[in-house]
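Every chain is numbered from 1 and lettered A, B, ... according to where its sequence line falls, protein lines coming before strand lines. The analysis underlying the following values was restricted to heavy atoms, covering all of them including side chains, and did not include hydrogens, waters or symmetry mates.
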Amino acid sequence: MADTITPREEDYSQWYIDLVRSAKLADYSDVRGCMVIRPNGYAIWEKMQAALDGMFKATGHVNAYFPLFIPESYIQKEADHIEGFAPECAVVTHGGGEELAEKLYVRPTSETVIWASYKKWIQSYRDLPLLINQWANVVRWEMRTRLFLRTSEFLWQEGHTAHATPEEAQEEVLRMINVYKTFAEEYMAMPVLIGRKTESEKFAGADETWCIEAMMQDKKALQAGTSHNLGQNFAKAFDCQFQSKKGTLEYVWATSWGVSTRLIGALIMAHSDDKGLVLPPKLASRQVVIVPILRGDKQAVAEKAHALADELNSNGIHAFVDDSEQNSPGWKFAEYELQGIPVRLEIGPRDISSNICIAARRDTGEKQQIALDDTFAASISALLDAIQQSMFKSALEFREANTWEVSSYDDFKKSIDKGFLIAHWDGTGETEAKIKEETKATIRLIPEDPDFRKKYSMDEPGICICSGNPSKGKVVFAKAY
RNA sequence: CGGGGUGUGGCUCAGCUGGUAGAGUGCUGCGUUCGGGACGCAGAGGUCGUGGGUUCGAGUCCCGCCACCCCGACCA
């Protein structure tokens, strides 16, 4: 037997760790809180990068790269920013054997170093908008880490844009949070709620933070992406002004937005099961594994398997054959299920003689016969599409089945482990903090999707579940990662 | 930072009242197998986290240190 995975029912947290390690997605490193992303895990990140990068370019953004090291004086320029990030920064004090005149912060995020450049690049309204994205690693010295979900160093992308008007900036904030939503739903097959963060949950240095929130299989919430409206905060901190068409000097309006390797954790916790990883076909670098049953005329079986793989690959489906004789077919079935390959094809002598093969889908485990005629590639392609759709559908059904409206605080406290709770809130930070203190639930977001708001009649005024004060509308509470 | 746990072949771990290190799995070779984690035979592989101490003798007992993991408070 290979590694065994703790069942989700028994210990969800241990299941997650067991899965990450036995599917060879990541390993712990010898440095606290850091992980090695193994090829199986990195392949998922590469697929994510490719899809997102295409979407960023399609919305007019370009890539650039800014330095890892940030002078201490930069970090200190924006008051909320330093307050939010300084405690969790790694700081370089020595270089080349000598103490540095100014400490260098290993970037926890790049607003400051980027705005130092933007100040030099922006003089006129003609220089705007400036739409730049960077793929990079960042370091945050978190107190408690968890593979993919929160590591000391992680990979991400961060978009940083500069605009001439607040309206344009806000449009950008919404455009990008919607790009994330599209990516989460169409590629990750993971439904998300879109909305705003409360004052206490927003990004350090932002006027407003938008986010997408997903529900994991243990019914906890995970923030999967954020898009911030930075107002003129960083422009003022870095004295970045431009001359408008009218000739006046004005501060630039800014946004920033990012998603990280945390998405891999989200993907795992949204779909995978006790047998291992379950990957949506669009994010699987290997979509189909062909396992030949090598008996009888072994060579003929192996050749047929390779011919099928070739046919799939030439139709844009990523297929490969495992014809090694070291491991039995049973071993291969289990191994590729662990690795989350969406479709497995079995082909043996008796299939060849009846001109079929057996297809097993990873998400449901269902097996079906596929005809080996000129409809073959189209059948597999349709099967992959069906898997992608059905994964999204079941995740959505799961979220909907675990979203509840509650109207009393007693009910709220009793229901908090049951998923997303929709309840009235008086809008104050005090109440928010009290609820968090007493129930560990936080306000995940103030949803903006009109259909969602309507479904739960979120715009109707009411009474705050905790304070009993008037509430202008409902928000979504949950325990979160 | 508080609480808990663990450091012994690549991995997971066993090792009792101290006597000079073992299993499963993985790995290498050969052969038989192969439609749900097959089997036989033969091999390779360990300064027992680290520094001291007790002892004729320490993986085991004592003291210190280090590291990592898990559960909480903080965060993407």
Side-chain angles (χ1 to χ4, degrees), chain A residues 1-6 11-14 16-18 21-22 24 27-35 83-89 108-109 137-158 180 197 200-204 206 209 211-214 221-228 256-266 275-276 291-296 298 301-302 322-338 344-352 356-358 360 365 367 369 433 436-437 440 442 479-481:
Chain A
M1 280 292 283
D3 303 335
T4 52
I5 298 177
T6 305
D11 183 343
Y12 191 81
S13 181
Q14 191 61 46
Y16 176 78
I17 295 164
D18 289 350
R21 304 206 71 198
S22 45
K24 300 187 178 70
D27 248 352
Y28 292 110
S29 81
D30 288 333
V31 178
R32 189 194 76 92
C34 290
M35 65 173 172
E83 195 189 321
F85 282 104
E88 57 182 55
C89 283
T109 179
N137 58 336
V138 287
V139 169
R140 296 182 189 176
W141 219 257
E142 300 289 354
M143 291 176 182
R144 190 154 126 52
T145 57
R146 227 163 125 73
L147 292 168
F148 288 116
L149 297 180
R150 190 176 302 102
T151 45
S152 299
E153 179 192 12
F154 56 94
L155 306 183
W156 78 346
Q157 60 67 217
E158 47 182 328
Y180 290 154
K197 285 292 188 192
S200 70
E201 297 274 337
K202 75 179 192 190
F203 177 76
T209 288
C211 64
I212 51 170
E213 292 279 333
L222 183 79
Q223 178 172 310
T226 48
S227 182
H228 314 291
S256 69
W257 29 272
V259 295
S260 71
T261 36
R262 162 178 270 199
L263 289 180
I264 298 173
K275 289 176 168 180
V291 178
I293 308 303
L294 298 171
R295 60 194 314 185
K298 289 183 186 179
V301 176
D322 183 350
D323 58 2
S324 68
E325 296 197 54
Q326 316 308 320
N327 299 114
S328 66
W331 186 91
K332 293 173 189 174
F333 296 171
E335 179 62 20
Y336 295 116
E337 279 167 0
L338 177 60
R344 178 184 70 241
L345 299 182
E346 302 166 23
I347 178 138
R350 72 178 185 234
D351 303 310
I352 292 176
I356 54 142
C357 70
I358 304 296
K367 289 190 181 189
Q369 291 189 355
K436 185 176 177 183
E437 170 76 27
K440 289 179 181 159
T442 50
K479 284 191 182 172
Y481 277 96

**OP:** Using side chain to side chain contact (heavy atoms under 4.5 Å, CB included) as the criterion, list what pairs up with A:Lys440, not counting sequence neighbours.
**Re:**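 Counting only residues at least two positions away or on another chain, A:Lys440 forms a side chain to side chain contact (heavy atoms under 4.5 Å, CB included) with A:Lys479.
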Original post:
Looking at residues at least two apart in the chain, or sitting in another chain, which of them share a side-chain hydrogen bond (donor to acceptor under 3.5 Å, both in side chains) with A:Ser256?
Top reply: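 side-chain hydrogen bond (donor to acceptor under 3.5 Å, both in side chains) list for A:Ser256, sorted by chain: A:Glu111.
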Subject >> Set of residues satisfying side-chain hydrogen bond (donor to acceptor under 3.5 Å, both in side chains) with respect to A:Asp27, sequence neighbours excluded >> reply: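 For A:Asp27 the side-chain hydrogen bond (donor to acceptor under 3.5 Å, both in side chains) partners, ignoring immediate neighbours, are A:Arg21.
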Original post:
Do the ring planes of A:Phe203 and A:His228 sit parallel (below 30°), tilted (30 to 60°) or perpendicular (above 60°)?
Top reply: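 Ring orientation of A:Phe203 relative to A:His228: parallel.
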Original post:
Can you tell me how far C1' of B:rU25 sits from CH2 of A:Trp331, to the nearest Å?
Top reply: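 These atoms are roughly 13 Å apart.
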Would one find a side-chain N or O of [X] under 4.0 angstrom from OP1 or OP2 of [N]?
X: A:Tyr28; N: B:rC70; result: yes
X: A:Ser13; N: B:rC71; result: yes
X: A:Arg146; N: B:rC71; result: yes
X: A:Lys436; N: B:rC74; result: yes

Subject >> Nucleotide nearest A:Arg32 (side chain, heavy atoms from C-beta), chosen from B:rC69, B:rA76, B:rU12 >> reply: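 Looking only at side-chain atoms, A:Arg32 lies closest to B:rC69.
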Subject >> Closest nucleotide among B:rA76, B:rG36, B:rA73 to the A:Arg344 side chain >> reply: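 Comparing B:rA76, B:rG36, B:rA73 against the side chain of A:Arg344, the answer is B:rG36.
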**OP:** Look at the side chain of A:Arg140 and the base of B:rC75, then say whether one donor and one acceptor between them are separated by less than 3.5 Å.
**Re:**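 No such pair is found, so the answer is no.
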**OP:** List in chain and number order the residues that pass salt bridge (Lys or Arg N to Asp or Glu O under 4.0 Å) with A:Arg344, two or more places apart in sequence or in another chain; answer none if no residue qualifies.
**Re:**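 Residues passing salt bridge (Lys or Arg N to Asp or Glu O under 4.0 Å) with A:Arg344: A:Glu337, A:Glu346.
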Original post:
Given the C1' atoms of B:rC69 and B:rU12, what is the spacing between them in whole Å?
Top reply: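 Result for the C1' pair: 15 Å, nearest Å.
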Original post:
Any stems for RNA chain B, made of 3 or more Watson-Crick or G-U pairs in a row, each with both distances under 3.5 Å?
Top reply: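 Paired runs of 3+ in RNA chain B: B:1-7 with B:66-72, B:10-13 with B:22-25, B:27-32 with B:38-43, B:49-53 with B:61-65.
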**OP:** Could you check A:Ser260 against A:Gln14 and say which one's nearest nucleotide on RNA chain B is further toward the 5' end?
**Re:**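 Comparing both residues, the 5'-ward one is A:Gln14.
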Subject >> Nucleic acid footprint by protein, nucleotides 30-35 of chain B - heavy-atom cut-off 4.0 Å, B for base, S for sugar-phosphate alone >> reply: ---BBB
